[in-house]
Amino acid sequence: MDPSPFETFSDLESLSRVLGDFVHNEAQAQRDQYQRHIQRPIEERVIEERCLADLQISADMDPEKRSYHFTCSSRFGNTARFREGDRLCLHRGKPSEQSFDVVLVREWDKGDEIRPESSVGQLSAILETESHGWILDEGFFDSEKMLLAGLDQAMKSETGRERILSLFGGFAQKEMEFGMEDMDDGDAYAEDAGLDFSQTEALALAISTNHCHLIQGPPGTGKTYVLAQTVATLVERGERVLLTAFTHRAIHHALKTCHQVIRDPDRIAKIGVPVFDPSLAPIAQYGSWKKSRIRHQHGGLVVGATPFAAASRRLAEARFDTIVIDEASQMTVPLAILAMMKASRFIFFGDHRQLPPVLQSVPKQEASSWSVFGSLIKHSEISTLKTTYRLNSELSRWPSKTFYANELVSDPSIAERQLPLPNRKPGHAALADSSSLVFWQVHHQKSQTSSKEEASAVSAIIVDALRSGLKAADIGVVTPYRRQAKLIKQKLRRSSLLPDGAADEVVIDTVERFQGQERELVILSLTTSDSSFLDKIADFYLQAERWNVAITRARSKLIIVGSTLLLNYTPVDPDLDDAAYLVRDLLDQCVSLNSKETSPDSK
């Protein structure tokens, strides 16, 4: 892993300047990228699922939710990749002249809902006469001022200097200690919760640290469950815990798991922009700490909030004992500092060998070193979870060797697990082979971000898996590109061999969207077979963390579908030679089958 770009500084002022420069450069790069996006033709933005056009919006606001309903015309279709909680830009074609910041609060069959973030009266007045022809684009939240203010606050406060900034660069390493009595309590709690050895050690060290602890959770090792048990232990001891992550989705998932352990909804709440999520009930959502009931709770509690909410007026009056940051390998240092200012002790959950932050101003291979998790690894105590309950032994072998020093092992209960196909022996060779790791070679050339040949191959495998008794919900398809995901979805929906609704039950998405998910059968569509195109995007395509996520979603079987391009590919940039070798090594571990040898039943 690359060294942290600011770990060699000997004083906090230099460190603060480096972080400030990073915030400014990243914000400018994001602004430039957004301007390029918004100036492209609407049709292109819609095709790439980054925009919705020809919307009809209700003129009347829902008084309780303060939201509007909208529907999308059949000409474009509601196919954008937006998710509940996303910040979006609402306009009528010229956002530079007039636009409204909104949040997507709900997606449902009666019409999606958006909540205006500003200029509510002005928008309502316009909708009275102009309810048609609206456009919903990706939004842009310029966080530069807020992040710089957070750094400035950290530099000016004793807690910020001695408990937060001192962590980065190793200034506080000598001050870290563990309470033996707390560690013993953690061991006892973990034993009662049925945690394995590495999970028990991680929980005990986390709750007994006086300053900071990192917990690395490789794929399928129960990271979120350990997080929930750690939070429950702290709450039981009477601590007030702030639980944060980069996205609302991650926060919700962690809160729901905490609720399963704590089982007291009065001690759990979400503070921030309310986001529709039926599965979050009975956990209450409040717009601010001041308006919440949980503020009256005595003793231990856990509050979920984004770092921006934590640093805003929404949580201005709240103070916590411990900050727990989930998915810390995807959160930048300046963003984490916003939340860290609410307490003086910190527990980070993440995995620097999975996807790093998405950054515009630094090379992809350096992105992990700017994450709060990656920046603290060399100067903080870290526990690594070592038993995977997802990957069988064949599937865990390559990621264990490549990313986890051969320490990641499959739990004996699932080590020999095979794909459950109860109805018949499948006709498709990729499914019929008993191996859990298969490379299905499809012959095509000059494909870039989509491949009809691979879409057909993936569809054929899915059809045969369903006919063999596998449930649609147990199948996932991962691909590097949104365009290929869309093509596969279209192919499945047009298939006359699938039961009604089965095509929509199969999750088909990009690597980024699939992180954190798992399926019995995962099909990875490599898509690209154009070497000149691959030369241009090699740093993205060959990113090791991306491959680690893509190939560790499967529980029983992984089928990699693609051309043989990568078997002989040599990057133009020699710095990517190691990444290219890793991919070749992975494919060499697979049972390699040729699509020309497909049985008649699978065609």
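Everything numeric in this text was worked out from a predicted model, so none of it was measured.
Between the side chains of Thr510 and Arg482, not a single donor N or O lies within less than 3.5 Å of an accepting N or O. Looking only at atom types and distance, the side chain of Gln229 has a donor-acceptor partner in the side chain of Tyr225 under 3.5 Å away. In the model, Gln33 has no side-chain atom that pairs as donor or acceptor with a side-chain atom of Arg36 under 3.5 Å. In the model, Arg397 has no side-chain atom that pairs as donor or acceptor with a side-chain atom of Ser400 under 3.5 Å. With no hydrogens or angles considered, no side-chain donor-acceptor pair links Thr257 and Thr224 at under 3.5 Å. Side chain to side chain, His352 and Ser371 fail the donor-acceptor criterion of an N or O pair below 3.5 Å.
Under a 4.0 Å N-O distance rule, the pair Lys386/Asp196 does not qualify as a salt bridge. Electrostatic pairing of Glu317 and Arg295 does not count as a salt bridge here, judged by no charged N lying under 4.0 Å from a carboxylate O. A salt bridge is absent between Asp185 and Arg237; no separation between the charged side-chain nitrogens and carboxylate oxygens falls under 4.0 Å. For the pair Arg546 and Glu512, the salt-bridge criterion is met [side-chain N within less than 4.0 Å of a carboxylate O].
Listed by chain and residue number, Ser279 satisfy the side chain to side chain donor-acceptor pair (under 3.5 Å) test with Lys256 (two or more places apart in sequence, or in another chain). With sequence neighbours left out, the side chain to side chain donor-acceptor pair (under 3.5 Å) criterion links His252 to Lys270, Asp277.
Put simply, the side chain of Glu26 gets close to the backbone of Gln360: a donor and an acceptor are under 3.5 Å apart. Side-chain atoms of His211 come within 3.5 Å of backbone N or O of Arg163 as a donor-acceptor pair. A donor-acceptor pair under 3.5 Å links the side-chain atoms of Ser410 to the main chain of Ser393, judged by distance alone. Using a distance-only test at 3.5 Å, with no hydrogens or angles considered, no donor-acceptor pair links the side chain of Asn392 to the main chain of Ile414. In this structure, the side chain of Arg87 does not engage the main chain of Leu104 through any donor-acceptor pair within 3.5 Å. Using a distance-only test at 3.5 Å, with no hydrogens or angles considered, no donor-acceptor pair links the side chain of Thr209 to the main chain of Ala206. In this structure, Ser16 contributes its side chain and Leu12 its backbone to no donor-acceptor pair below 3.5 Å.
Enclosure of atom NZ in Lys290 is not indicated, since only 12 or fewer non-hydrogen atoms of other residues, nucleotides or ligands lie within 6.0 angstrom. Phe197 CZ: 12 or fewer foreign heavy atoms inside a 6.0 Å radius. Remark: Tyr581 OH is loosely packed, at most 12 non-hydrogen atoms of other residues, nucleotides or ligands lying under 6.0 Å away. In Gln517, the CD atom is crowded: over 12 heavy atoms of neighbouring residues, nucleotides or ligands sit closer than 6.0 Å.
Gln515 contributes atom CD, which lies 5.5 Å from atom CD of Glu327 (distance to the nearest 0.5 angstrom). A distance of 12.5 Å separates CD of Glu201 from CG of Leu195, quoted to the nearest 0.5 Å. The CG atom of Leu148 sits 9.5 Å away from the CG atom of Asp21 when rounded to the nearest 0.5 Å. Here the straight-line distance linking atom NE2 of His379 with atom CG of Leu214 works out to 12.0 Å at 0.5 Å rounding. Note that the CG atom of Asp264 and the SG atom of Cys258 stand 12.5 Å from one another [nearest 0.5 Å]. The NE2 atom of His37 sits 12.0 Å away from atom CZ of Phe140, with the distance rounded to the nearest 0.5 Å.
By the 4.5 Å heavy-atom criterion applied to side chains, Pro357 and Phe246 are not counted as neighbours. Within the 4.5 Å cutoff, the side chain of Val105 has no heavy atoms near those of the Pro274 side chain. Between Ile207 and His213 there is no side-chain heavy-atom pair separated by less than 4.5 Å. Side-chain atoms of Thr221 and Leu408, non-hydrogen and from C-beta on, do get closer than 4.5 Å to each other. Between Ile551 and Leu524, some side-chain heavy-atom pair lies under the 4.5 Å cut-off. Looking only at side-chain heavy atoms (C-beta outward), Arg353 and Gln216 come within less than 4.5 Å of each other. At a threshold of 4.5 Å between non-hydrogen side-chain atoms, the residues Met155 and Glu13 count as touching. At least one side-chain heavy atom of Thr230 sits less than 4.5 Å from a side-chain heavy atom of Phe349.
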Begin with the C-alpha distance, continue with both residues' side-chain angles, and end with the deciding distance and a verdict on side chain to side chain contact (heavy atoms under 4.5 Å, CB included) for Leu437 and Gln589. CA-CA 8 Å; Leu437 190 56; Gln589 307 303 311; 4.2 Å; yes
Residue pair Thr306, His248: steps toward the side chain to side chain contact (heavy atoms under 4.5 Å, CB included) verdict: CA-CA 7 Å; Thr306 66; His248 289 281; 3.8 Å; yes
Can you check side chain to side chain contact (heavy atoms under 4.5 Å, CB included) on Glu381 and Leu205, steps first, answer last? CA-CA 9 Å; Glu381 295 291 334; Leu205 289 171; 6.0 Å; no
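The two residues Ile323 and Thr244 have their closest heavy-atom pair at CG2-CG2, 4.4 Å. Annotation for Ala254 and Leu227: closest pair CB-CD2, 4.2 Å, computed over non-hydrogen atoms. For the pair Pro219 and Thr552, the tightest heavy-atom approach, listed with the atom from each and the gap, is CG-OG1, 3.4 Å. A pairwise comparison of heavy atoms in Pro307 and Leu338 identifies O-CB, 3.7 Å as the closest pair. Nearest heavy atom pair, residue Ala310 against residue Leu242, reads CB-CD2, 4.0 Å. For the residue pair Leu15 and Leu165, the shortest heavy atom distance occurs at CD2-O, 3.4 Å.
Using cut-offs of 30° and 60° on the angle between ring planes, the pair Phe22 and Trp370 is parallel.
Among residues at least two apart or in separate chains, ring pair (Phe, Tyr, Trp, His ring centres under 6.0 Å) pairs with a member in residues 386-410 are Trp398-Phe403.
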